[in-house]
Amino acid sequence: MKREDYLSWDEYFMGIALLAAKRSKDPGTQVGACIVSPDNKILTMGYNGMPTGCHDDNMPWEREGDPLETKYLYVCHAEFNAILNNGGRSLKGATLYATLFPCNECAKAIIQSGIQKVIYMEDKYADTDAVIASKRMFDMVGITYEAYEVKHKKIVIEL
Ligand SMILES: O=c1ccn([C@H]2C[C@H](O)[C@@H](COP(=O)(O)O)O2)c(=O)[nH]1
Ligand SMILES: [Zn+2]
């Protein structure tokens, strides 16, 4: 008889996005993204981090203060990294699993890449212009977005 407590596709892909987020050096919010083809093949992944060659130790991670000394002008967003990491594979019709609702800049890249669906975990910046603009664009172009249904499943991985 087969196992019954195996991961659903959504659990598997969101689990991978959560694992990718663990690579982030951001002390504030660690974001992960996993992009999946319509036939459930993982196409690409990403997390928020500094551009390649900009060493994490030499970059600011502050949230406030002189804008040039905050992370915001430098950090590459998880979804943006995932899209850029696609290795030449088409993302048309794909689904993006994201641990945070994508901002407007990521939304633009999502639209241009042909991704059709977004499944997100957290929407803690829902009241910001960035996320409002994001949803406005998704609605306009017919990209669907839905909150990941948390089932409080614990996935334990021992290394
Ligand atoms: O679409 C998004 C929006 C934000 N991020 C990243 C950018 C930053 O590294 C953090 C946000 O940090 P806070 O301290 O919570 O402001 O999230 C992203 O990857 N994707
Ligand atoms: Zn973004």
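Start at 1 and go down the list; that is how both ligands and their atoms are numbered. Index from 1, following the sequence.
- Closest to atom 12 (O) of ligand 1 among all protein heavy atoms lies K71 NZ, 3.1 Å.
- Annotation for K151: atom NZ counts as buried by contact number, over 12 foreign heavy atoms lying within 6.0 Å.
- Those atoms of ligand 1 that come under 4.0 Å of a heavy atom in Y125, given as number and element, are 13 (P), 15 (O), 16 (O).
- Listed by number with element, the atoms of ligand 1 under 4.0 Å from a non-hydrogen atom of P102 are 1 (O).
- Residues that satisfy the side chain to side chain donor-acceptor pair (under 3.5 Å) test with D123, not counting sequence neighbours, are K135.
- For K92, the side chain to side chain contact (heavy atoms under 4.5 Å, CB included) test picks out S90, with sequence neighbours left out.
- Side chains of T44 and N86: no donor on one and acceptor on the other come within 3.5 Å.
- Residues passing the side chain to side chain donor-acceptor pair (under 3.5 Å) test with R23, sequence neighbours excluded: Y47.
- In this structure, Y47 has no heavy atom closer than 4.0 Å to ligand 1.
- Less than 4.0 angstrom separates some heavy atom of D26 from each of these atoms of ligand 1: 8 (C), 9 (O), 10 (C), 12 (O).
- Not a single heavy atom of F80 sits under 4.0 Å from any atom of ligand 1.
- Set against the non-hydrogen atoms of C106, the atoms of ligand 1 under 4.0 Å away are 1 (O).
- Within the protein, the number of N/O/S atoms found under 2.8 Å from the Zn ion (ligand 2) is 3.
- With hydrogens left out, the protein atom closest to atom 20 (N) of ligand 1 is E79 OE1, 2.8 Å, a heavy atom.
- In this structure, W9 and Y12 have tilted ring planes: the angle between them lies in the 30° to 60° band.
- Nearest protein neighbour of atom 16 (O) of ligand 1, counting heavy atoms only, is Y72 OH, 2.4 Å.
- In terms of polar-atom proximity, V31 is not counted as a contact of ligand 1, lacking any N or O under 3.5 Å from an N or O of the ligand.
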